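Please read the structure below before turning to the comments.
These numbers were taken from a predicted model, which means no experiment stands behind them. Note that the numbering runs from 1 along the sequence shown for the chain.
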Amino acid sequence: MGKVVVIGAGQAAASLVVRLRDKGFEGPITVIGDEPVPPYQRPPLSKAYLLGDMEEERLYLRPHDFYTARGIDLILNAPVTAVDLTARTLIADGRKLDWDDLVFCTGSTPRRLPAAIGGDLEGVCAVRTIADVQAMRPRFRHGARVLIVGGGYIGLEAAAVASKLGLKVTLVEMAERILQRVAAPETADYFRDLHRAHGVDIREGVGLGRLTGEGRVQAAELTDGTSLPVDFVIAGVGIVPAMDLAEAAGIEIENGIRTDATGQTSAPNVWAAGDCASFPHRGAQIRLESVGNAIDQAGVVADNILGAARAYDAKPWFWSDQYDVKLQIAGLNAGYDRVVTRRSGVAVSHWYYAGATLLALDAMNDPRAYMVGKRLIESGKSPKPEAVADPATELKTLLK
């Protein structure tokens, strides 16, 4: 058996190497990460970990000695600076390593606010790594004034934590509404009302003009002409796939590191999985930024390194926790033309249709709707919208 080297030490990398061992791979496995800690969960960073409800060790997917026991070599705090596809070598923290199969699990990086508008001032934060959250946690003092830039899920989750801890929270979204890229107006309305009920000042259709301060951020000038005093800023303006290393090596790029249905890149014996990788899905080359995708896609790549020639069939699912609301999402809503709302007490779900076809759903505190909807979407079944909307309809009957 050859040598497998994985660049990146996140969810996809951990899932891939464990599956290789579980499937009987006995060759050398090396995982190279640029952080000083073993692979860990990222979703709790902006929720339980930021809130102080989770210790760092609980973030780790496996303890460090697990990898040692399985014969998996973790090289941490060692950024990879070059990959030579012809020689099948790479340079990590000055060391040259060779490989027979190489896997990019490099994930994604947060978009930063430009230095030209004050993005490099002290007190301007991002939420992506343990170090990011550790640096910002001391700022979460009762009464502190925080500006959150961006009304996606990361920004809203950070707003929920800040509000719960007693901060004065302002969130600005340059688009006409929050969640514009990822959710229907109905879901945006739900979360806008939720946050405003908790005292968050949400301003939509308003962008950040610039940040000002002497060395550290002290004020924000918005595009509507208003100025806000701030103690710190959280940038939640999205992420981009970490693909520069692959691109520099000559690997084809398309919406991330381009892979075929098996997870192989344009280079032989070079694979990609997780946030950094795009793959064919329903006629498009898409990326999915989720734990589920990282696990499932990495599993397919591991099997294919072992010769399975298996195609990846994505079954998208996502979640977000805000206050006492758990949002669960199944499917992809691209191309929807109708949203059907179902209510049952505090449980609410929004079902996305394109014509008569069910594409996706957002379920707020409604795990039963989520589980039924997910099974329907994955099996290609589309119940009549009228039956979904009727609270008298027993959800399990929709599966028949």
Set of side-chain hydrogen bond (donor to acceptor under 3.5 Å, both in side chains) partners for [X], sequence neighbours left out:
X	answer
Lys168	none
Lys326	Asp321
Glu254	Arg258

**Prompt:** Any side-chain heavy atom of Leu332 within less than 4.5 Å of one from Leu288?
**Reply:** yes
Would you confirm whether [X], through its side chain, and [Y], through its main-chain N or O, come within 3.5 Å as a donor-acceptor pair?
X	Y	result
Ser344	Ala347	no
Glu173	Ile178	no
Thr89	Leu97	no

**Asn293-Arg287 side chain donor-acceptor pair, cut-off 3.5 Å** =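 The criterion, which ignores hydrogens and geometry beyond distance, is not satisfied for Arg287 and Asn293.
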**Asked** Using a distance-only test with no angle check, is there a side-chain donor-acceptor pair under 3.5 angstrom linking Arg42 and Tyr40?
**Response**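 Yes, Tyr40 and Arg42 have a side-chain donor paired with an acceptor closer than 3.5 Å.
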**Item:** ring-ring contact (aromatic ring centres under 6.0 Å, His included) contacts in which one or both residues fall within residues 187-235, not counting sequence neighbours
**Value:** Phe140-Phe232, His195-Tyr323, His198-Tyr323
**Asked** Restricting to pairs with a member in residues 263-312, which pass ring-ring contact (aromatic ring centres under 6.0 Å, His included), not counting sequence neighbours?
**Response** Phe279-Tyr312
Using a 3.5 Å cut-off and no angle test, enumerate the donor-acceptor pairs between side-chain atoms of residues 301-308 and protein atoms at least two apart in sequence or in another chain.
unit_1: Asp303; atom_1: OD1; unit_2: Arg19; atom_2: NE; d: 2.8
unit_1: Asp303; atom_1: OD2; unit_2: Arg19; atom_2: NE; d: 3.4
unit_1: Asp303; atom_1: OD2; unit_2: Arg19; atom_2: NH2; d: 3.0
unit_1: Asp303; atom_1: OD2; unit_2: Arg310; atom_2: NH1; d: 2.5
unit_1: Asn304; atom_1: OD1; unit_2: Ala309; atom_2: N; d: 3.0
unit_1: Asn304; atom_1: OD1; unit_2: Arg310; atom_2: N; d: 2.5
unit_1: Asn304; atom_1: ND2; unit_2: Thr262; atom_2: O; d: 2.8
unit_1: Asn304; atom_1: ND2; unit_2: Val300; atom_2: O; d: 3.3
unit_1: Asn304; atom_1: ND2; unit_2: Arg310; atom_2: O; d: 2.8

Which residue pairs satisfy the side chain to side chain donor-acceptor pair (under 3.5 Å) criterion with at least one member in [range], sequence neighbours excluded?
range	result
residues 347-370	Thr187-His350, Thr187-Asp362, Ser349-Trp351, Tyr352-Asp362
residues 243-252	none
residues 146-164	Ser46-Glu157, Lys47-Glu157, Glu157-Ser320

**Prompt:** Name the one of Val5, Val6, Asp73 that satisfies side-chain contact (heavy atoms from CB on, under 4.5 Å) with Ile32?
**Reply:**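 Answer to the side-chain contact (heavy atoms from CB on, under 4.5 Å) test with Ile32 among Val5, Val6, Asp73: Val5.
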Which donor-acceptor pairs under 3.5 Å do the side chains of residues 103-121 make with protein atoms, sequence neighbours left out?
unit_1: Thr106; atom_1: OG1; unit_2: Ala242; atom_2: O; d: 2.6
unit_1: Ser108; atom_1: OG; unit_2: Arg128; atom_2: NH2; d: 2.6
unit_1: Ser108; atom_1: OG; unit_2: Asp275; atom_2: OD2; d: 3.0

Please set out all donor-acceptor pairs under 3.5 angstrom arising from side-chain atoms of residues 58-68, sequence neighbours excluded.
unit_1: Arg58; atom_1: NH1; unit_2: Asp53; atom_2: O; d: 3.4
unit_1: Tyr60; atom_1: OH; unit_2: Glu56; atom_2: OE2; d: 2.4

**Request:** Determine, step by step, whether Asp296 and Asp313 satisfy the side-chain contact (heavy atoms from CB on, under 4.5 Å) criterion, reporting the C-alpha distance in whole Å, the side-chain angles of both residues, the deciding distance to 0.1 Å, and the verdict.
**Result:** CA-CA 9 Å; Asp296 295 344; Asp313 180 20; over 6 Å; no
**Set of salt bridge (Lys or Arg N to Asp or Glu O under 4.0 Å) partners for Asp93, sequence neighbours left out** =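 In terms of salt bridge (Lys or Arg N to Asp or Glu O under 4.0 Å), with neighbours along the sequence ignored, Asp93 is linked to no residue.
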**Request:** Run the salt-bridge test on Glu378 and Lys374 with the 4.0 Å N-O cut-off and return the result as yes or no.
**Result:**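 So Glu378 pairs with Lys374 through a salt bridge.
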